[in-house]
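Structure first, then comments.
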Amino acid sequence: MRPIYLSLFALTLTAGQATAADLYMKYKLFAVGLPIGSGVLSVDFNDTSYSIDASGGTAAFGKLVSDGKGSVNVRGGISKGELEPESFALNVISEDENGSISMQMRKGAVSKVAVNPPQDKMNQRIKVTAAHLKNVLDPLTAAVFPAPNGLSKESCNRSLELFDGKERYNVHLSYKTKRQARTSDGRFKGDVLVCRARYEPVAGHRPKRKTIQQLAKNKSMEVWLAPVGNKPFLVPLRASITAPFGPLVVQAEKYKLSK
């Protein structure tokens with residue numbers, strides 16, 4: 001399956017054991033209603049810095065999803081309520097792909113990237129330029145939304161400029177509604193924002209690839225955002241997209257605040 005479907009959710013790379021984090025969440029991944037993966041997301045904040053760790057795996061689902069596992073982490077600073085990633089590392093092992101990506105960043109600009117193995121078919125890809133690597137976030141940092149206005153419409157209405165080490169793309173969010181939601185462990189129950197999401201490829205992708213074209217035209221994507229206690233941030237409680245093979249859903253089942 002095209003990895004970009006998962007990178008849109010960020011947390012779909014997120015199964016492991018609970019850690020002593022400010023926020024611990026466990027997710028399940030469903031394809032056409034069938035559970036095919038699970039993972040955890042751990043987030044820590046202090047006044048000037050943050051860290052996010054995730055690990056998880058998927059089970060084979062026909063020709064669409066292969067057996068695999070991965071881990072990803074990011075560290076960075078907090079300035080005026082905004083997250084500023086400094087280091088990002090991703091490792092993936094699956095039947096389709098084994099590899100790693102690491103990035104160094106400063107004030108929204110990527111200063112160093114290492115991709116192993118290197119991307120193939122570079123002559124078919126839109127070239128990533130130095131300009132594309134400014135004012136960007138990594139996909140994992142983008143899963144934690146600065147929200148000084150809490151569950152207001154403005155917290156949905158934003159565009160995320162993302163670089164995952166290979167591809168540069170935008171995710172445009174817009175307010176849809178507000179609703180009640182809860183996790184199956186009962187630790188979260190309350191209002192969430194429901195935001196529409198739209199994918200826009202920018203560079204690093206193969207524009208003639210069918211999955212890229214389908215994803216750019218897809219209008220079914222949405223994400224539900226939940227508060228992180230009394231902190232000025234929101235995190236995804238649920239993300240969904242109707243892919244060509246059917247619905248793909250990431251749903252939080254556990255939500256634990258340590259303080």
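- Here the CG-CD1 distance, from Leu248 to Ile241, works out to 7.0 Å after rounding to the nearest 0.5 Å.
- Put simply, Val202 and Leu215 are part of two different groups of oily side chains (I, L, V, M, F, W, Y) that touch within less than 4.5 Å, one to the next.
- Of the candidates Leu225, Val249, Thr183, Arg238 forms a side-chain contact (heavy atoms from CB on, under 4.5 Å) with just one, namely Val249.
- With rounding to the nearest 0.5 Å, the separation of OG1 in Thr242 from CD in Glu222 is 9.0 Å.
- One hydrophobic cluster holds both Ile101 and Val74 under the rule that ILVMFWY side chains link at heavy-atom gaps under 4.5 Å.
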(Q) The test is side-chain contact (heavy atoms from CB on, under 4.5 Å); show your working for Glu200 and His172 and say whether it passes. (A) CA-CA 8 Å; Glu200 177 193 13; His172 302 288; 2.6 Å; yes
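- Annotation: side-chain hydrogen bond (donor to acceptor under 3.5 Å, both in side chains) contacts of Tyr255 (sequence neighbours excluded): none.
- Both Val110 and Leu160 belong to a single network of hydrophobic side chains, linked directly or stepwise wherever heavy atoms of I, L, V, M, F, W or Y lie under 4.5 Å apart.
- Side chains of Asn170 and Ser159 form no contact here, defined as non-hydrogen atoms less than 4.5 Å apart.
- By the 4.5 Å heavy-atom criterion applied to side chains, Leu29 and Val250 are counted as neighbours.
- Side chain of Arg198 to backbone of Val171: no donor-acceptor contact under 3.5 angstrom is found.
- Between the Ser184 side chain and the Glu253 main chain, a donor and an acceptor come within less than 3.5 Å of each other.
- The shortest distance between side-chain heavy atoms of His205 and Tyr169 does not fall below 4.5 Å.
- Salt bridge status for Glu161 with Arg168: present, with a side-chain N to carboxylate O gap under 4.0 Å.
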Q: With side-chain contact (heavy atoms from CB on, under 4.5 Å) as the test, would you mind laying out the steps for Phe163 and His132 before giving the verdict?
A: CA-CA 8 Å; Phe163 182 62; His132 290 136; over 6 Å; no
